[in-house]
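Here's the structure we're looking at; comments come further down.
Computed from a predicted structure; not experimentally measured. For the single chain, residues carry numbers from 1 onward in sequence order. Remember, it's 1-based here, ligands and their atoms both numbered in the order they're listed.
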Amino acid sequence: MRIPISEVTPDIERAEVAGWVHEVRDLGGLTFFLIRDRTGIIQVTIVKKKAPAAVLEAAKAVSRESVVRVAGTVKAIDKAPGGRELNPETFEIVAPCASPLPLDVVEKVPADLDTRLDARFLDVRKPRVAAVFKVRSTVTTAAYEFFTQRGFYNITSPKIVAAATEGGTELFPIAYFEKEAFLNQSPQLYKQMMMAAGFEKVFEIGPIFRAEEHNTVRHLNEATSIDIEVSFADHNDVMNILEDLVAFQYAAVADHCADAIADIGIEFEIPKTPFPRLPYAEAIEIAARKIEEPIAYGDDLSTPAERAIGEEMGEHYFVVDWPSAIRPYYAMPYENDPSISKSFDMMHPRMELSSGAQRVHQHDLLVRQIEAKGLNPDSFEFYLQPFAYGMPPHAGWGLGMERLVMTMLGLQNIREAVLFPRDRHRVVP
Ligand code: ATP
Ligand code: AMO
């Protein structure tokens with residue numbers, strides 16, 4: 001019976017493994033194969049004088065990255081990876097690999113990102129690349145676990161919609177019979193409607209679509225958002241949930257992904273909670289002091305501003321109390337100073353990871369705020385209706401999965417955190 005390569009230890013006698021031919025070294029009388037599955041690598045050593053003829057024949061014919069199945073005796077050997085090797089009695093070529101390979105899986109020949117993404121299935125055979133997706137899987141599973149423990153309902157909102165949520169730009173129109181329709185930018189309107197439905201605590205982990213025109217290292221056209229909405233909660237309550245979630249996800253990775261972290265080769269630290277709360281006005285002061293381009297109260301945080309503030313903070317932090325003028329219509333203004341909103345961004349020193357707010361739950365105020373942004377309340381009728389029929393106070397946020405993984409693992413490009421990234425130039429594979 002086949003066992004995972006990581007389970008072949010020097011103290012067992014026999015093993016059968018299956019995997020890909022990672023490397024071959026032929027030294028004349030001796031041939032060393034490295035066989036790889038998703039759990040690890042094992043050396044298979046063939047001594048030409050001793051090996052069965054069928055083994056020799058298969059070993060001679062096999063090409064790198066073919067799938068093989070090997071069974072034999074295990075020998076403790078200090079020099080081999082994992083301190084053991086396999087001496088095969090059988091060596092079967094299960095699926096041959098064509099050559100030349102479009103990509104060098106052992107990374108002796110470096111490949112640029114485009115080449116790697118074109119042959120992504122091969123690219124993710126690299127343990128270092130696969131490790132990112134093991135971590136991402138753990139980060140996702142941890143989120144489900146966290147929300148389940150806290151009694152959230154898992155919802156699924158539509159991705160084909162009739163209206164913009166985040167201001168009207170950056171929408172992908174789609175051909176939808178005789179109607180005008182778009183890919184959804186955010187579950188925002190739907191998660192809020194579920195507060196009127198009485199669900200109280202909801203989350204969704206799903207795709208969001210944004211027609212970002214420019215290629216940047218931290219924007220995708222199809223991203224994954226972790227969204228929540230909570231009734232009878234304010235912005236502070238949901239900030240607490242957000243920092244707890246992020247710390248929980250990091251802890252899960254520390255617990256379950258030690259090998260992956262070692263493959264990626266980074267220092268891994270679980271961020272300490274609570275994250276500092278930095279008022280927007282102070283964030284602007286820091287940026288004004290540290291960057292060359294002019295920046296003033298009322299401006300969005302530019303990329304250099306985000307970086308300068310991040311450098312000063314040196315850890316995850318919240319920027320709170322944003323001017324209402326630069327936040328979406330659904331953000332709740334402070335009662336005592338409506339020019340400021342109960343909204344926040346959660347930041348990693350490198351970039352923004354999440355935005356959120358307490359929401360406006362009063363129907364008439366919401367209509368006024370939609371109008372004040374120059375939008376037409378008529379196109380939000382389906383969204384506004386629930387606000388007239390008993391909408392509790394509520395708050396929530398959206399957290400970008402790829403940015404979370406990217407910053408957690410020190411990746412330079414957000415595309416490294418997506419199996420099949422979508423950007424302006426790429427819809428295949
Ligand atoms: P928001 O939170 O407003 O929905 P976002 O998550 O894209 O947008 P960031 O990526 O943190 O926000 O944007 C911060 C800054 O990055 C912006 O002020 C702008 O300078 C720059 N920026 C945002 N989007 C783009 C883009 N598509 N292309 C180039 N630069 C961008
Ligand atoms: P926002 O537009 O700030 O807020 O998006 C929330 C988070 O989603 C991630 N994100 C992206 N990641 C990669 N590529 C993109 N193009 C992209 N766009 C967004 C970021 C960002 O911080 N409705 C609000 C959330 C809320 O208030 O609940 C919203 O969508 O990490």
Is there a side-chain contact between Lys342 and Pro333 (heavy atoms, below 4.5 Å)?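 Lys342 does not reach Pro333 side chain to side chain.
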Are any of the N/O atoms in [X] less than 3.5 Å from those in ligand 2?
X	answer
Gly400	yes
Glu212	yes
Ala357	no
Tyr330	yes
Ser355	yes
Ser225	no
His219	no

Proximal atoms of ligand 2 relative to [X] (non-hydrogen, under 4.0 Å):
X	value
Lys191	26 (C), 28 (O)
Ser354	22 (O)
Arg218	13 (C), 14 (N)
Leu220	13 (C), 14 (N), 15 (C), 16 (N)

Parallel under 30°, tilted from 30 to 60°, perpendicular over 60°: which one fits the rings of Phe275 and His316? parallel
Could you tell me how the ring of Tyr280 sits relative to the ring of Trp322: parallel (under 30°), tilted (30 to 60°) or perpendicular (over 60°)? tilted
Residues passing the salt bridge (charged side-chain N to carboxylate O under 4.0 Å, His left out) test with Arg426, sequence neighbours excluded, are Asp114, Asp118
Residue list, salt bridge (charged side-chain N to carboxylate O under 4.0 Å, His left out) with Arg25, at least two apart or on another chain: none
Looking at ligand 2, is there an atom of it that comes within less than 4.0 Å of some heavy atom belonging to [X]?
X	result
Met346	no
Gln192	no
Leu404	no
Arg210	yes

One thing to verify: whether Glu229 and Lys201 come together as a salt bridge, which I'm taking to mean a side-chain N less than 4.0 angstrom from a carboxylate O.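 Judged by the 4.0 Å cut-off on N to carboxylate O distance, Lys201 and Glu229 do not form a salt bridge.
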Pick one: which of Arg415, His214, His219 meets side-chain hydrogen bond (donor to acceptor under 3.5 Å, both in side chains) with Asp423? Arg415
Quick one: does Gln358's side chain have a donor or acceptor within less than 3.5 Å of a partner on Asp234's backbone? no
Could you tell me whether a side-chain N or O of Glu204 sits under 3.5 Å from a main-chain N or O of Ser157, the two making a donor and an acceptor?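 Yes, Glu204 side chain to Ser157 backbone: donor-acceptor pair under 3.5 Å.
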Could you pull out, from Glu352, Arg327, Arg403, the option with a heavy atom nearest to atom 22 (O) of ligand 2? Glu352
If hydrogens are left out, which of Leu353, Thr407, Asp423 has an atom nearest to atom 31 (O) of ligand 2, that is, the closest non-hydrogen atom? Leu353
